[in-house]
Structures are given as structure tokens and as C-alpha cells.
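Per chain, numbering begins at 1; letters A, B, ... match sequence-line order. Please read these numbers as outputs of a predicted model, since none were measured by experiment.
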There are 2 protein chains.
Amino acid sequence: MTEQANHHLLLIDDDFNLGQLLKEYLEIEGFKLDTAHNGADGIAKAEKDYDLILLDVMMPDMSGFEVLKIIRQKKQILTPVLMLTAKGDEMDRVLGLELGADDYLPKPYSHRELVARVKALIRRSQMDMSPEQKQIHLDVGGIELDTSTHSAKAEGNILELTTTEFKVLQTLMIEANKVVDKNSLNLAALGRRIEAYDRSIDMHVSNLRKKIQAVAPDLQRIKTIRGVGYMFTDEENAAEEQE
Amino acid sequence: MTEQANHHLLLIDDDFNLGQLLKEYLEIEGFKLDTAHNGADGIAKAEKDYDLILLDVMMPDMSGFEVLKIIRQKKQILTPVLMLTAKGDEMDRVLGLELGADDYLPKPYSHRELVARVKALIRRSQMDMSPEQKQIHLDVGGIELDTSTHSAKAEGNILELTTTEFKVLQTLMIEANKVVDKNSLNLAALGRRIEAYDRSIDMHVSNLRKKIQAVAPDLQRIKTIRGVGYMFTDEENAAEEQE
DNA sequence: AGACCCGGTAAAGGTTGGGTAAACCGTTTT
DNA sequence: AAAACGGTTTACCCAACCTTTACCGGGTCT
């Protein structure tokens, strides 16, 4: 399934039918969509923390531009806004962009295009969100990991990891010696919440362990905390500490 | 911790509204922002010692390029300049870089993105690591590249590269042994963000590899990091190094 | 002990990112 | 105007990768 990690969108549009339609399409894609059918309501709802706002330019009570302006003034500076407008009106576009819209979609648009843009914007905003998270170098208990080179080593031997495995390892190492519950790990590594019967993360951990062990047979750093999650452990793996 | 140590920015842009908006959210981020609403004023104010200058390409009295040129002539060669350009204008980008802009941001940009880039530039300039451009001669792992002659060689053999291919190679080589994510590469080489279903950069990489290999069959320096981007690798490509 | 739950993992299945040829298109050159 | 050139888009394909399924074993609860 094309899970969108439960991204939460807000649609501000007076057209009720269109709203229903979009809702359906976007929910098929795994987004959650709230709707506001007039500017005032939209502004109110925009206080909440959405991942993206879809804003129609033409509405009866107030124009999309006014709405946008107010939303931006209300400290919702960071939420991406995608403006929907009736005609390929260049003026609209320029105006919208200068007021801080992040993208602009002229009607008529295909659902496919809408979805593509929504995804693109969300991806972009999430990338921007982690500015400092870029350069990480971790070196714990014989395992090294470096985000800039996207490489990992166990006792000096290069680990050929997939991106997901890399993220799993990174997440666990950042929280070294602390338990990371399965849901958080899933979220961090796969970008979505864990679902019923979802064994995906277990598989990745399994594969990760396998790869580490193929290269450093004595290193057993990833410990299972039954019923909770996993933990990257520092201590020599002294099988079980009795105490 | 979001304190930006009172970095002082100058925005040169004729659009008053946009200026206000930018001012607001950059100040939220802890920057101080002065504004100039035309080229002449901008040049005058740029005499002062700002940490960074934001410069709009399109202004009524004179183009951003002229402004940039004059600022650079006036000994303000060290202040980083971030150019704000209209969407995906290739000419703008090339011209800007040749005149010594340090980065450029195509509209539409998210506020997040702007802030991220401003921070990145300031950080970079404080480390006094100039990012791109200037007279660069690179020689890494059997491949040579020289911006002043705009020529590149692989194991001594001249590579006939297009401008874009050259830029791609340059970008990757500057960041040798580090992953360059697709979006950054796109931005650096093509001057615009990557869009949904945008395969352009892949094609350039593909062509570049082809040209290198035509001349030096053993050199496989450009590595793909699936789901992330590309990396120029130093090490002998020796597929997998064992033990 | 029996029933249940959770996690390990092999194998199968499904999805997708990226390589690349070729068509397309706007510019520049001849 | 034709040809050349370079960038972009389209389309197809495959291997890499992620997810699901299924089975198993050990731990835990009653």
C-alpha cells in the first residue's frame, strides 16, 4: 500500500462537491483530509498543525490571498500551502507565491497531478525540517555510522546496508542504551506508524543483525525488548547479565 | 537554541510586501534584517558589513546581476549572496554563479527552505569554506576538472562534456566521498528543485558515466545511493572489498 | 500443561527507483 | 531552413528493496 504516513491535510474550499471528491482521492492515497468551506473557518482550523494546506483562491467570503495572508501572519509560517486556482492566471500565481504560497495548481488539474504535487511538497518540507540532522557520525560499541557518506562499519568492515536498514541502525544508535519502542522505530525508519500484523520492522532488524554478524560474528548489539521494542547496547554482549 | 547570534542580513528586493513578510519570519528565527527596495539603495547599504545578502533577480531599476556585479567590485567579495530567482531560469543561475553568487533559491520556495539555506550559507561562510565556484581545479581519483578552462579529463583523456554534465561532475567532485542527494544535485546543476517524475538528472548522470567510460573503461566513480542520490567515490571501485 | 502471544526468519510477492534508448523541443549554428 | 546541439520527457525494463505470509520456537499467562 502506498501509505503516506498519515499526513494530515487541510482543504479550504467552498465547493462542497469538490471537497468530497478530493477527500476520497487523497484518502485512497493514505492522507487524512479535513475541510473548511469558507475562509474564516479555514483560518480557524489552520491554527492546528497540518502537514499541508490546500487553499482555493476563489471563495465567496474572502479571497484565498487574504486567507493566506492571515494564516501566514498567525505564525503558521512553516506549513506548506498549495493554492488551487481557476484559471491559468499568471497574476494569481505571482501574487500567491509572493505571499508565501509554496506551490500553485491551476484548474483543471488531474488528480494524479494534485497527488504528485502534494507528495512533492510534503517531501520537500520534511527534508527542510531536518537541517542539522544531516551530518551525523556515530561510533558506538564497535559500530560506526556516518550519514554524509551513508556508510556504516562494524569493527572496521563495511556494511552494505539498504537505506532502511541504515535508518534503523541510525535510530537505534542515536538512542544507544535506551529502548526504542517499535512504533517510534517504525516511524523513524519507515516514516509511518506501525499497523496491525505489521512485521516489516522486525524483518529489517533481522536483516540488519544478519549483515552485522556476517562481518563481525561477535557483535550482538541489537537487543530485543520483548513487548516493547529494540535497543542498541553498548556493553559487551555478555549474553545475559544475571545479576 | 534557535538563536542566530544576531546575524545581520540585507534584503534587496523591490517588493515591499514580500520584504515585510520575509522580515517577519526571519526575525522569528532570530535574524536581523534590513531591506533595500531598489538596486541603488541596495548597493549603498551593502557597504556595511552584513553576514549575508539576499538579492532578488528581478527589480525595476536594475537587475540583480548588475547589483551583484557592483557589490562584488566594491570589495564586498566575502559576503555571501543568496539570489532569489524566478522559477527554473537556467540563465539566471549560470549568470549568477559566474558573477559570484553563493547560492540561489528558485521560487516558489518554502519559508523553511529559505531559512535552511540562509543558515547553511552563514555557517559555511563562517567556516570560510567557499562552497562552489571560484577558480577550481579538482583532481580526484583519476578525474581532473578545471572550471577556468571548463575542461575535464579522465585518466588524462579529455572529456567532451556539456555544461550541465560538467556542473554535475563538478558538484559531485566537490563533495567527493559524500552523498549528494538528488535534490541538491538538481539544484546545483540545473538550478531548480526536483519535481515529481523528474528524471532529468538521472539522464545527465547516465550520459556522464557513459562519456567517462568511453574514455576510461575502468573508472566507475559515480556511485548510486538508492533512494538518496549519488556519490563520487575516491576508492578503487573494487566492487566489494572482502575481509 | 495448554493456550496464547510475541518475535525470528525464510521465502514469496509486490513495488519502485533508477538505467537508458529514443522521441521531443527549443536554441544556436551553418 | 535545415541541421546540429543540448536539455527534457517518455517509456520500458530490471534489479533492489520492502512487505507479507507462513511456520516455528520460546516466553508468559492461567
Between N or O atoms, less than 3.5 Å apart, protein on one side and nucleotides 23-30 of chain D on the other: list the pairs.
unit_1: D:dG26; atom_1: N2; unit_2: A:Arg226; atom_2: NH2; d: 2.9

Non-hydrogen side-chain atoms of [X] and [Y] separated by less than 4.5 Å:
X	Y	answer
B:Val81	B:Leu68	yes
A:Lys223	A:Tyr230	no
B:His137	B:Leu145	no
A:Phe31	A:Lys119	yes

Spacing of [X] atom [atom1] relative to [N] atom [atom2], expressed in whole Å:
X	N	atom1	atom2	value
A:Lys211	D:dC17	NZ	C1'	9 Å
A:Tyr197	D:dC18	OH	P	25 Å
A:Leu190	C:dT15	CG	C1'	14 Å
A:Met231	C:dG7	CE	P	15 Å
B:Leu159	D:dG6	CG	C1'	17 Å
A:Ile212	C:dG8	CD1	P	14 Å
A:Asn207	D:dA16	CG	P	15 Å
B:Asp202	C:dG17	CG	P	11 Å

Quick check for you: among [options], whose closest atom lies nearest to any side-chain atom of [X]?
X	options	value
B:Thr163	D:dT9, C:dG18, D:dG7	D:dG7
B:Met203	C:dG19, C:dG8, C:dA22	C:dA22
A:His204	C:dA10, C:dG7, D:dC18	D:dC18

For [N] and [X] - does any side-chain N or O of the residue sit under 4.0 Å from the phosphate oxygens OP1/OP2?
X	N	answer
A:Thr162	D:dC17	no
B:Tyr230	C:dG19	yes
B:Lys210	C:dG19	no
A:Thr164	D:dC18	yes

- prompt: Do side-chain atoms of A:Glu175 reach the backbone of A:Met231 as a donor and acceptor pair under 3.5 angstrom?
  reply: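 No, the answer is negative, given that no donor and acceptor are paired below the 3.5 Å cut-off.
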
- request: Check for a donor-acceptor pair, side chain of A:Arg221 on one end and backbone N or O of A:Asp234 on the other, with a separation under 3.5 Å.
  value: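 Checking the backbone N and O of A:Asp234 against the side chain of A:Arg221, a donor-acceptor pair under 3.5 Å is found.
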
query: Roughly how bent is the helix from C:dA1-D:dT30 to C:dT30-D:dA1 end to end, in steps of 10 degrees, with each end axis from five pairs?
result: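 End-to-end axis angle: 30°.
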
query: When you check the side-chain N and O atoms of A:Ser148 and A:Asp146, is any donor under 3.5 Å from an acceptor?
result: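 Yes.
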
query: Between the side chains of A:Arg209 and A:Thr224, does any donor sit under 3.5 Å from an acceptor?
result: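 Yes, side-chain donor-acceptor contact under 3.5 Å.
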
task: Just call it for A:Thr224: base, sugar-phosphate, or nothing, with non-hydrogen atoms closer than 4.0 Å on any strand.
output: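 If one applies the 4.0 Å heavy-atom cut-off, A:Thr224 turns out to touch the sugar-phosphate alone, with no base involved.
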
Nearest-nucleotide 5' precedence on DNA chain C, B:Lys182 against A:Val205: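 In this pair, the answer is A:Val205.
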
- prompt: Who passes salt bridge (charged side-chain N to carboxylate O under 4.0 Å, His left out) against B:Asp13, sequence neighbours left out?
  reply: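 Salt bridge (charged side-chain N to carboxylate O under 4.0 Å, His left out) list for B:Asp13, sorted by chain: empty.
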
message: Please verify the inter-ring angle class for A:Tyr50 with A:His8; under 30° counts as parallel, over 60° as perpendicular, anything in between as tilted.
response: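 Perpendicular: the ring planes of A:Tyr50 and A:His8 meet at over 60°.
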
5' precedence on DNA chain D between A:Ser200 and B:Ile201 (nearest-nucleotide basis):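 The residue whose closest nucleotide sits nearer the 5' end is B:Ile201.
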
